[in-house]
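Encoded as structure tokens, the structure appears first; notes follow it.
Values reported hereafter were calculated over all heavy atoms of this structure, with side chains retained and with hydrogens, waters and symmetry mates removed.
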Amino acid sequence: MLTFQKVLTGFQTRADARAERTDAFADGIAWIENEFVPIGKARIPILDQGFLHSDLTYDVPAVWNGRIFRLDDHLDRLEVSCAKMRLPLPIARPELRRLVMELVSRSGLRDAYVEIIVTRGLKFLRGAQAEDIIPNLYLMAVPYVWILPLEYQNHGAPAVVTRTVRRTPPGALDPTIKNLQWGDLVRGLMEAGDRDSFFPILPDGDGNATEGAGYNIVLVRNGELHTPRRGVLEGITRRTVLEIAAARGLKTHVTEIPIQALYECDELFMCSTAGGIMPLVLLDGNIVGDGTVGPVTRMIWEAYWDLHDDPQLSEPVTYAP
Ligand SMILES: Cc1ncc(COP(=O)(O)O)c(C=O)c1O
């Protein structure tokens, strides 16, 4: 296993190499209305209900070093989200899988963030049956997204527990359906910005922590991992974290986490397909643990990136020569 620092240097080198590309898909590619187009030229029809009413669901697998990570787990979650939304998958799953691989292959991106969006389509649900409406599919692949920029991964970041906004409650919007109704998360981002952070953690309104703008949170206390059970997306990265911990004999708890527990933990991190394991070292201006990236976070960080080469969890993309 490579060390934290060495791995980070390798990541930066790959990002620098990509930045030198000048071809049409260097900044990304989209698949819209049966066509592959450069990301900057991609347009959605204004009448799409995904745009007008956020009537959609989506999922995001990532490609890392030319291998796509946990694609079937992402497609499973997408199918469950679609079923909960009464949105039929616009094309059969094997075809979707093939299309995703072709998209990445055409992009030439070795490290990519791949978004699969299913919208209600062009017809509003009012006065219609969900089953009678033809949904739309959109795909895009862009260079890998780091919620916590690479240069901060080694040092950690400051986060805030939001005071002006709580997470939309599950009874209003089921957060296990991956969705883009980001009103609460965007308000959280704005509050965080006002308080010298980019990383909000939203409470649930009952004194418990939920998640942030595009990431789950995990705390470490006495060598055990805890992550919120309710009011959150069931992240694939979080699942990977829990599997890594369990494989090393660490206890894991998916449970209610009182906000207070965040201030009393030894280590705290965010996790997401967009950035992996992202350490937090300050919370509302208070030092988390000893203020450095802790040993459990580092171990999980290293194991997480290592797993991207594991043939059980990732598969190679075939690129044109
Ligand atoms: C609200 C929210 N929570 C958690 C996550 C992390 O999920 P995953 O690990 O599957 O990327 C995301 C990812 O975009 C998200 O939007």
Apply side-chain hydrogen bond (donor to acceptor under 3.5 Å, both in side chains) to Lys84 and Thr57, showing your working. CA-CA 10 Å; Lys84 288 183 177 172; Thr57 185; over 6 Å; no
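- In this structure, CD on Glu211 lies 10.5 Å from CD on Glu234, to the nearest 0.5 angstrom.
- Relative ring orientation between His53 and Phe124 is described as parallel, the plane-to-plane angle staying below 30° on a 0-90° scale split at 30° and 60°.
- Between the Tyr319 side chain and the Leu109 main chain, a donor and an acceptor come within less than 3.5 Å of each other.
- Residues Leu56 and Ile117 approach most closely at CD2-CG2, 4.2 Å, considering heavy atoms.
- Counting all heavy atoms, side chain and backbone alike, Arg221 lies closest to Cys265 at CD-CA, 3.9 Å.
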Check against side chain to side chain contact (heavy atoms under 4.5 Å, CB included), Trp305 and Trp64: CA-CA 9 Å; Trp305 289 110; Trp64 191 248; 3.4 Å; yes
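- Within a 6.0 Å sphere centred on CZ of Phe36, heavy atoms belonging to other residues, nucleotides or ligands number more than 12.
- Atom NZ of Lys251 has 12 or fewer neighbouring heavy atoms from other residues, nucleotides or ligands inside a 6.0 Å radius.
- Without hydrogens or angle criteria, Thr227 side chain to Ile217 main chain gives a donor-acceptor distance under 3.5 Å.
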Step-by-step salt bridge (charged side-chain N to carboxylate O under 4.0 Å, His left out) determination, Asp27 to Lys41: CA-CA 11 Å; Asp27 294 330; Lys41 298 228 157 68; over 6 Å; no
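- Heavy atoms of other residues, nucleotides or ligands lying less than 6.0 angstrom from CZ of Arg230 number 12 at most.
- In this structure, Arg298 does not pair ionically with Glu302, as no charged nitrogen and carboxylate oxygen lie closer than 4.0 Å.
- Applying the side-chain contact (heavy atoms from CB on, under 4.5 Å) test to Asp206 and every residue at least two apart in sequence or in another chain returns Asp204, Asn208.
- Taking the ring-ring contact (aromatic ring centres under 6.0 Å, His included) definition, one finds that Tyr304 meets it with Phe69, His308, sequence neighbours left out.
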Walk me through it: do Gln153 and Trp146 pass the test side-chain hydrogen bond (donor to acceptor under 3.5 Å, both in side chains)? CA-CA 10 Å; Gln153 295 259 337; Trp146 295 98; over 6 Å; no
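- Residue-environment remark: CD (Gln312) stays at or below the threshold of 12 foreign heavy atoms within 6.0 Å.
- Between the Asn216 side chain and the Leu233 main chain, a donor and an acceptor come within less than 3.5 Å of each other.
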Please table the atom pairs, donor to acceptor, closer than 3.5 Å between any side-chain atom in residues 156-165 and protein atoms at least two apart or in another chain.
unit_1, atom_1, unit_2, atom_2, d
Thr162, OG1, Val165, O, 2.8
Thr164, OG1, Glu191, OE1, 2.4

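- To the nearest 0.5 angstrom, Leu219 atom CG is 10.0 Å from Thr297 atom OG1.
- The 12-atom threshold is exceeded at CD of Glu264, counting heavy atoms of other residues, nucleotides or ligands nearer than 6.0 Å.
- When each of Asp55, Asp48, Asn136 is paired with Arg120, the side chain to side chain donor-acceptor pair (under 3.5 Å) condition holds for Asp55 and for no other.
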CA sep, side-chain torsions, deciding dist, call: Glu131, Arg86, salt bridge (charged side-chain N to carboxylate O under 4.0 Å, His left out): CA-CA 7 Å; Glu131 290 69 21; Arg86 292 172 58 189; 3.1 Å; yes
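- Atoms OG1 and CD1, on Thr237 and Ile277 in that order, are 6.5 Å from each other to the nearest 0.5 Å.
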Hey, mind stepping through Leu250 and Met299 against side chain to side chain contact (heavy atoms under 4.5 Å, CB included) and telling me if it holds? CA-CA 12 Å; Leu250 303 183; Met299 180 279 285; 3.8 Å; yes
